[in-house]
Undergrad: 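Following this message is one structure expressed as structure tokens.
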Amino acid sequence: MRRVRRIGCLVGFGMALAITGQAESAEVNLYTTREPGLIRPLLDAYTAKTGVTVNTVFVEKGLAERVAAEGARSNADVVMTVDIGNLIELVDRDLAQPVRSPVLEAAVPAPLRDGDGRWFALSLRARVLYADKALADLNAATYESLADPKWRGKICIRSGQHPYNTALIAAYLVRHGAEKTEGWLRGVKANLARKATGGDRDVARDIAADLCEIGLANSYYVGLMRSGRGGPDQQKWGEAIKVVLPTFEGGGTHVNVSGAVVAKHAPHRDEAVKLLEYLVSDEAQALYARADFEYPVKSGAAVDPMLQALGPLSVDATPLVEIARNRKAASLLADKVGFDN
């Protein structure tokens with residue numbers, strides 16, 4: 001009996017060690033195009049809260065190609081990227097698996113997630129208007145009005161082939177059709193103060209230098225510039241402009257997203273779902289806002305004061321999936337009108 005008890009104790013102790021070892025070694029693997037410095041605060045907070053280690057693989061380009069090449073051997077649990085087109089590509093290439101989570105479905109509005117749970121938006125960036133501070137009466141500005149001849153020689157913008165702009169053109173295409181979109185693109189091109197080139201922050205720079213009066217750029221760059229993270233020159237550019245949230249006529253402000261999927265061959269599927277659920281929590285959404293100056297997807301989550309100062313964001317209802325499906329057509333139209341020439 002004594003020997004049986006000793007064996008039972010040893011077995012129990014061994015099981016306890018195994019369970020403890022599992023808890024200590026809990027981990028989840030994140031493949032992402034997001035710069036580590038931007039998302040590290042969220043991941044560190046998650047580890048501190050749960051004890052789960054988040055192993056991060058930063059893939060600047062070719063994320064879908066890498067996951068596809070790894071196939072069933074892939075270590076990816078969560079794949080995080082920016083731009084709805086990239087999320088849809090992961091789904092179209094059968095690299096994502098469906099997730100049913102009451103937490104995710106309650107936090108992420110239906111237009112900002114896949115109906116089958118294959119992708120979820122985690123944050124929003126709005127395509128906004130940067131403008132000379134001296135300009136008045138811009139609060140009712142629309143994307144359509146950018147083709148108005150009154151802006152001739154006064155608009156700065158980056159390449160029409162950049163994903164930020166092809167997404168906007170695609171949204172315009174969904175709302176107005178090919179003929180009107182082509183006419184709009186020709187009108188905007190005629191209003192350019194310089195060749196469509198550079199980046200979004202260059203729009204602010206050129207407005208500050210009086211090369212143009214208005215331009216399109218993403219909302220989060222305002223925070224990055226004004227916070228001083230990009231250096232003193234960029235801080236001056238950010239302070240030299242005002243920001244307006246334009247809308248489509250009869251619609252809202254165009255947004256794009258950062259988002260994530262649970263990888264098809266995720267070796268730690270349960271931990272992957274838990275990480276996504278954390279990323280849409282009030283705590284994580286507030287951290288997103290502070291770290292990246294992006295809008296939260298969860299209603300009621302804290303918005304960074306710099307974004308709050310821009311006014312309330314009314315998101316356009318054009319389905320993100322439809323925007324993604326029209327990206328190629330948008331790119332072809334930009335080429336047709338010679339937007340970047």
Side-chain angles (χ1 to χ4, degrees), residues 30-36 38-39 42 57-68 76 78-96 108-109 111-114 118-128 143 157-174 196 198-201 203 216-224 252-263 276 279-280 288-289 291-297 313 315-334 339-340:
L30 172 67
Y31 284 30
T32 180
T33 60
R34 307 224 66 181
E35 294 181 17
L38 294 178
I39 59 171
L42 288 87
V57 178
F58 174 58
V59 183
E60 185 174 4
K61 295 180 180 179
L63 178 62
E65 287 77 6
R66 172 163 177 172
V67 178
V78 174
V79 183
M80 179 190 293
T81 188
V82 296
D83 188 83
I84 183 59
N86 292 326
L87 289 170
I88 296 298
E89 181 184 8
L90 292 168
V91 172
D92 287 347
R93 297 182 67 160
D94 195 25
L95 301 175
V108 184
L112 299 176
R113 54 182 165 85
D114 177 56
R118 293 170 298 179
W119 61 264
F120 296 87
L122 300 175
S123 64
L124 305 175
R125 62 271 299 279
R127 202 72 179 143
V128 301
Y143 297 109
I157 194 170
R158 74 191 305 162
S159 167
Q161 294 295 349
H162 191 279
Y164 298 163
N165 284 333
T166 54
L168 175 63
I169 297 167
Y172 201 102
L173 189 58
V174 174
D200 282 5
R201 279 176 270 207
V203 173
L216 286 173
N218 277 354
S219 51
Y220 63 90
Y221 285 115
V222 181
L224 293 174
T253 300
H254 169 69
V255 301
N256 210 321
V257 300
S258 74
V261 309
V262 173
L276 288 188
L279 291 176
V280 297
Y288 249 126
D292 302 346
F293 300 105
E294 295 187 344
Y295 288 96
V297 295
L313 174 67
V315 176
D316 188 62
T318 304
L320 292 177
V321 172
E322 289 300 308
I323 293 173
R325 300 297 184 208
N326 280 274
R327 290 285 283 275
K328 184 175 181 179
S331 175
L332 291 172
L333 276 179
F339 194 85
D340 292 349

Undergrad: Not counting sequence neighbours, which residues clear ring-ring contact (aromatic ring centres under 6.0 Å, His included) with Tyr164? List them please.
TA: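 Checked Tyr164 against ring-ring contact (aromatic ring centres under 6.0 Å, His included); matches are His162.
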Undergrad: Does Gln161 have any side chain to side chain donor-acceptor pair (under 3.5 Å) partners at least two apart in sequence or in another chain, and if so, which?
TA: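 Listed in chain order: Ser331, Asp335.
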Undergrad: Got a sec, which residues hit salt bridge (charged side-chain N to carboxylate O under 4.0 Å, His left out) with Asp340, two or more places apart in sequence or on another chain?
TA: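 With sequence neighbours excluded, Asp340 shows a salt bridge (charged side-chain N to carboxylate O under 4.0 Å, His left out) to no residue whatsoever.
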Undergrad: Do Val315 and Tyr295 have side-chain heavy atoms sitting under 4.5 Å apart?
TA: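 SC-SC contact between Val315 and Tyr295 ruled out.
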Undergrad: Nearest 0.5 Å, please: how far is OG1 in Thr166 from CD1 in Ile323?
TA: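 If I round to the nearest 0.5 Å, the distance is 10.5 Å.
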Undergrad: By the definition side chain to side chain contact (heavy atoms under 4.5 Å, CB included), identify the one residue from Val261, Leu90, Val262 that meets it with Trp119.
TA: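 Only one option passes, and that is Val261.
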Undergrad: What residues form a side-chain contact (heavy atoms from CB on, under 4.5 Å) with Asp83, not counting sequence neighbours?
TA: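 If we apply the side-chain contact (heavy atoms from CB on, under 4.5 Å) test to Asp83, skipping adjacent residues, the hits are Asn86, Pro163, Asn256, Arg327.
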Undergrad: If I take atom CZ from residue Arg118 and atom CG from residue Asp92, how far apart are they, to the nearest 0.5 angstrom?
TA: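 Reported to 0.5 Å precision, the distance equals 8.0 Å.
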Undergrad: Within this structure, what is the CZ-CG distance for the pair Phe120 and Leu112, rounded to the nearest 0.5 Å?
TA: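 If I round to the nearest 0.5 Å, the distance is 11.5 Å.
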Undergrad: For Asn165 versus Gly160, what's the shortest heavy-atom pair and its separation?
TA: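 Closest pair (atom of Asn165, atom of Gly160, distance): CB-O, 3.9 Å.
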Undergrad: Quick check for you: to the nearest 0.5 Å, what is the distance between Ile84 atom CD1 and Arg325 atom CZ?
TA: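 Going from CD1 on Ile84 over to CZ on Arg325, the span is 9.0 Å.
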Undergrad: Do Tyr288 and Ser258 touch side chain to side chain, with heavy atoms closer than 4.5 Å?
TA: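 With C-beta onward as the side chain, the pair touches.
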Undergrad: Looking at every non-hydrogen atom in both residues, tell me the closest pair between Tyr221 and Arg158 and how far apart they are.
TA: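 Closest pair (atom of Tyr221, atom of Arg158, distance): OH-NH1, 4.2 Å.
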Undergrad: Report the residues that fulfil side-chain contact (heavy atoms from CB on, under 4.5 Å) with Pro319, sequence neighbours left out, ordered by chain and then residue number.
TA: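 Per chain and number, Pro319 pairs via side-chain contact (heavy atoms from CB on, under 4.5 Å) with Glu322.
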Undergrad: Show the nearest heavy-atom pair for residues Met80 and Leu63, with the distance to one decimal.
TA: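 Taking every non-hydrogen atom into account, O-CD2, 3.8 Å.
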Undergrad: How about Val222 and Phe293: do any of their side-chain heavy atoms sit closer than 4.5 Å?
TA: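 Contact flag for Val222/Phe293 side chains = no.
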Undergrad: Looking at every heavy atom in both Val297 and Ala121, which two are closest together, and how far apart are they?
TA: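 Reported closest heavy-atom pair: CG2-O, 3.7 Å.
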Undergrad: Using the test side-chain contact (heavy atoms from CB on, under 4.5 Å), find all partners of Ala330 that sit at least two apart in sequence or belong to another chain.
TA: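 side-chain contact (heavy atoms from CB on, under 4.5 Å) check on Ala330 returns Ile169, Ala170.
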Undergrad: Would Leu333 and Leu173 count as a side chain to side chain contact (heavy atoms under 4.5 Å, CB included) if you check the C-alpha gap in whole Å, the side-chain angles of each, and the deciding distance to 0.1 Å?
TA: CA-CA 10 Å; Leu333 276 179; Leu173 189 58; 3.8 Å; yes
Undergrad: Do Val321 and Ile88 have side chains that approach each other closer than 4.5 Å (heavy atoms only, starting at C-beta)?
TA: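 Heavy-atom side-chain distance check passes, below 4.5 Å.
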Undergrad: May I ask you to test the Ile39-Leu30 pair for a side-chain heavy-atom distance under 4.5 Å?
TA: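 Yes, close enough: below the 4.5 Å cut-off.
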Undergrad: Residues two or more places apart in sequence or in another chain: which of them pass side-chain contact (heavy atoms from CB on, under 4.5 Å) with Arg93?
TA: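 So Arg93 forms a side-chain contact (heavy atoms from CB on, under 4.5 Å) with Ala64, Glu65, Ala68, Glu89, Leu95.
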Undergrad: So do Val67 and Val79 actually touch side chain to side chain, heavy atoms under 4.5 Å?
TA: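 When only atoms from C-beta onward are counted, Val67 and Val79 do touch, with a gap below 4.5 Å.
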Undergrad: Going by ring-ring contact (aromatic ring centres under 6.0 Å, His included), name the residues that satisfy it together with Tyr143, two or more places apart in sequence or in a different chain.
TA: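 Here the qualifying residues are Phe248.
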Undergrad: Closest heavy-atom contact between Pro111 and Leu320?
TA: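 For Pro111 and Leu320, the tightest heavy-atom pair comes out as O-CD1, 4.0 Å.
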Undergrad: Got a sec, which residues hit side chain to side chain donor-acceptor pair (under 3.5 Å) with Asp316, two or more places apart in sequence or on another chain?
TA: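 Here the qualifying residues are Arg175, Thr318.
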Undergrad: For Tyr31, give me all partners under side chain to side chain donor-acceptor pair (under 3.5 Å), at least two apart in sequence or on another chain.
TA: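 So Tyr31 forms a side chain to side chain donor-acceptor pair (under 3.5 Å) with Glu70.
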Undergrad: For the side chain of Asn218 and the backbone of Asp200, is there at least one donor-acceptor N/O pair under 3.5 Å apart?
TA: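 Side chain of Asn218 to backbone of Asp200: no pair is present.
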Undergrad: List in chain and number order the residues that pass salt bridge (charged side-chain N to carboxylate O under 4.0 Å, His left out) with Arg34, two or more places apart in sequence or in another chain; answer none if no residue qualifies.
TA: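 Testing Arg34 for salt bridge (charged side-chain N to carboxylate O under 4.0 Å, His left out), a comparison that skips the adjacent residues, returns Asp292, Glu294.
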Undergrad: Who are the side chain to side chain donor-acceptor pair (under 3.5 Å) partners of Arg201, not counting sequence neighbours?
TA: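 Only Gln234 meet the side chain to side chain donor-acceptor pair (under 3.5 Å) criterion with Arg201.
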Undergrad: Give me the atom names and distance for the closest heavy-atom approach of Val82 to Thr33.
TA: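 Shortest heavy-atom contact: N-OG1, 3.8 Å.
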